Amino acid sequence: MNVHAPNTSANVVRPIATRGSTCPHDCPSTCALQVDIMPDGRIGRVHGAKDQTYTAGVICAKVARYAERANHPERLLHPLLRTGPKGSGRFTRISWDEALDRVAEGLLTAEREHGAQSVWPYFYAGTMGLVMRDGINRLTHAKGYSRFFSTICVNPAWSGYMAGNGRISGADPREMAESDLITLWATNAVSTQVNVMTQVAHARKRRGAKLAVVDVYRTPTMEHADIPLLIRPGTDAALACAVMHVLFRDGLADRAYLERYGRDVEALEAHLKPRSPAWAAAICGLSAEDIEAYARLVGTTPRAFFRLGYGMSRTRNGAVNMHAVCSIPVVAGSWQHRGGGALHSLSGTYRWRKTMIEGLDKLDPRVRALDQSRIGPILVGDEEALAGGPKVAAMLIQNTNPLAVAPDQEKVKRGFARDDLFVAVHEQFMTDTAKMADIVLPATMFTEHDDLYQSGGHPHIQLGPKLVEPPGECRSNHDVICALARRVGAEHPGFGMTPRALIDWTLRETGRAPLDELEEARFLDVSQSFEDAHFLTGFGHKDKRFHFAVDWANLAFPAPGKFGPVAEMPALPDHWAVIEAATAEHPFRLVTAPARNFLNSSFTETPTSIAREGEPSLLIHPEDAAGLGIAEGDRVAVENLRGRVVLKARLFDGVLRGVVVSEQIQPARAHEGGRGINTLTGADPVAPVGGAAFHDNRVRVEKIGI
Ligand SMILES: Nc1nc2c(c(=O)[nH]1)N[C@H]1C(S)=C(S)[C@@H](COP(=O)(O)OP(=O)(O)OC[C@H]3O[C@@H](n4cnc5c(=O)[nH]c(N)nc54)[C@H](O)[C@@H]3O)O[C@H]1N2
Ligand SMILES: Nc1nc2c(c(=O)[nH]1)N[C@H]1C(S)=C(S)[C@@H](COP(=O)(O)OP(=O)(O)OC[C@H]3O[C@@H](n4cnc5c(=O)[nH]c(N)nc54)[C@H](O)[C@@H]3O)O[C@H]1N2
Ligand code: SF4
Ligand SMILES: [Mo]
């Protein structure tokens, strides 16, 4: 082929078909897709489906070029057996039969020697498909293996949201287009959920709406803001309190609405009296005038929409921050209006019946549940983290890369290096975690298996059907779980069903349209009525009111016990000073925010994402850098009591003094000494139901000599 030939229609390979699908990644947008199928039977370009009314044809760049990931030369295609020491990267190809026999033997040996609870199946959201993601729980429950308490992403945010609103639901995101003031609070939507920006654009065009953005650095999203609110990490509740102080003080609180829908309103008002803009300014770093101006805008704009992201919750006071911010649209009465109210996640509206997928009929609540975020302490044998049970002796891992994404990475590494730990990793790539495995199994991608999706960011149920044959010997999560179930003697009807049968069962039992109807429609709009979505028929608590005062120790949030300093949590919205405040020795606060061209640790293998992100870097204020003798591009050591990471300094005046930001998550190979960003983050649980404080780290920064 002549590589210099112009790109004329004569030499462009055209797709033979375009098929509907759903983006499987852990992103609130859950875009409806159209995937090009190429003559060689592989996928080509990925487009947004124009007829889905929320995602409306817009998708992010990294998924548009998904062929780069699916057809990647380094994709795992065959089962592998480790032949060198753990982490050596030395593997040899084996057959599926041998691989499955060996994995089964690893699980059975642990069970025989230390009991079933020494086996810990571990998974997360590499795919959000209900069958492929959650099916591993069926094996866990059928065998009585240690249960998986998932905390790493949503718990601090959801517990805070639940505490006030009583359920995880909110206003329809398409209403943003009908709003007059949109606040994107702690979400970098341009990078993490691009479709939010489409709604913002509609609102601006149609109604001249204003955009406020609350973040801890000048993100690409904040670049679009009319009202940029740049605050210190972990101080959202202070800002929220001052906003509500102004609303009460200036007669902008909606007293009639509060009378009907609020609980503890008088206590709140009295409590907020001393929490003035000047008080908050000293904590969050904004000026009192800016807080006043924003508060007045909120109080005088009925259609004020709050899109609440996770950023404010990935800190030790995260649940308190989320609850405090949720209180604002209640005090202002914004919920009553179309284009007003709040949305964090719609995940509480689907109410799936997951008995067949997860084997919930076999769940034994007496079996211990281990905290996902505490995998480091658990694997190094911390007794409290092990919840009084045996050590973890065997793990089966699907859809997650804890060596890169879990906090307290040094402990995670030490744990995985244990010779008495058997690990099987089912993956698409040789990730940092797969490198530590005894057996590596090759996994399908979303266009190679059938699955069912819900969305946190919009009210649709969507199908992702199998469109192409998997490359090499890749098998789906479901196939692997069922094959292992036979070998370890796990029994459940779900192991005998196809993914399509599981999808159909789940849809029907949940009272939704069956599979053939969903297949025909591709996606179903399952939005709530305006009244329900806006809590006008009542908030989610028994008394149907929003709770301003919270009994954190008795929150209706399923969790195996209490996490973090629950007893010290403030009942009413407040700045809770449990964050890792800067000290003389560790004078900076580090935020480890998402990178636009990666999705957690996924896409860190695709050439265009790698090229666009560059080396792992640290955003630091030019004056802070000058004080440390740091120039643009210098290598800097970022260090705290948990470890030390080397990054490349990038001088940036969009952070406050004393705050540094690293957009991540990059793999070990991108970092000096293989020490990734989570070397610096802590695995101490966030109150009240666990989670990791990824954006809440005190660190020291030093220039490294040549
Ligand atoms: N491109 C890309 N997209 C992603 C991801 C990714 O890694 N890359 N991750 C996906 C996943 S798993 C999730 S859960 C979502 C998360 O997406 P988001 O809801 O957007 O939440 P975060 O990732 O926590 O961070 C969002 C913003 O919060 C800011 N932030 C940090 N600390 C604070 C704070 O104390 N207060 C305030 N106000 N802001 C703060 C960060 O600087 C960041 O800009 O995104 C998903 N989408
Ligand atoms: N420092 C820092 N750390 C963080 C965060 C942060 O903001 N800062 N964010 C946290 C958050 S919000 C989250 S949700 C976690 C996410 O952490 P993870 O869930 O581990 O997310 P990914 O890194 O995307 O890893 C998913 C893996 O699943 C694999 N995979 C995808 N589909 C399939 C499949 O069908 N089958 C199998 N077997 N494998 C599949 C992918 O190849 C990928 O390696 O990271 C957390 N870690
Ligand atoms: S924006 Fe999110 S859901 Fe949409 S294609 Fe990109 S990663 Fe997938
Ligand atoms: Mo997440």
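Since we're looking at a predicted model, the values are computed, not measured. In this chain, numbering begins with 1 at the start of the sequence shown. Both ligands and their constituent atoms are indexed starting at 1 by order of listing.
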If you measure from [atom] to every heavy atom of [options], which option wins on shortest distance?
atom                    : options                        : answer
atom 9 (N) of ligand 1  : Asn600, Asn597, Leu308         : Asn600
atom 24 (O) of ligand 2 : Ser602, Ala593, Ser150         : Ser602
atom 33 (C) of ligand 2 : Arg69, His449, Gln409, Gln428  : Gln428
atom 4 (C) of ligand 1  : Asn317, Thr219, Thr192, Val214 : Thr192
atom 44 (O) of ligand 1 : Asp26, Thr592, Val196, Asp215  : Asp215
atom 35 (O) of ligand 1 : Gly234, Gly311, Ala237, Ser609 : Gly234
atom 10 (C) of ligand 2 : Phe429, Phe694, Phe123         : Phe694

Can an N or O of [X] be found at a distance shorter than 3.5 Å from an N or O of ligand 1?
X      : value
Thr315 : no
Arg596 : yes
Pro28  : no
Ala595 : yes
Gln193 : no

Check your understanding: Nearest to atom 18 (P) of ligand 2, what protein heavy atom do you find, and at what distance?
Key -> Thr400 OG1, 3.7 Å

Check your understanding: Any salt bridge between Lys466 and Asp451, counting N to O under 4.0 Å?
Key -> no

Are [X] and [Y] close enough that a side-chain donor and a side-chain acceptor fall under 3.5 Å?
X      : Y      : answer
Asp432 : Asn401 : no
Thr151 : Asp371 : yes
Thr53  : Arg174 : yes
Tyr66  : His25  : yes
Arg307 : Gln199 : no

Report the part of [X] in contact with ligand 2, treating N, CA, C, O as backbone and CB onward as side chain, heavy atoms under 4.0 Å; options are side chain, backbone, both, neither.
X      : value
Thr127 : both
Asn399 : both
Met132 : neither

Do any N/O atoms on [X] end up under 3.5 angstrom from N/O atoms on ligand 2?
X      : result
Ile665 : no
His695 : no
Val405 : yes
Arg314 : no
Tyr124 : no

Point to revise | Qualifying residue for salt bridge (Lys or Arg N to Asp or Glu O under 4.0 Å) with Asp696, from Arg589, Arg232, Arg314 | key: Arg589

Review point. Within the distance-only criterion (no hydrogens, no angle test), does the side chain of Thr55 pair as donor or acceptor with the backbone N or O of Val58 below 3.5 angstrom?
Key: no

Check your understanding: Tell me, which protein N/O/S atoms are under 2.8 Å away from atom 8 (Fe) of ligand 3?
Key -> Cys23 SG

Practice item. Take every heavy atom of Lys62, measure it against each atom of ligand 1, and state whether any distance is under 4.0 Å. Key: yes

**Study point:** Side chain, backbone, both or neither: the part of Cys153 lying under 4.0 Å from ligand 1 by heavy atom
**Key:** side chain

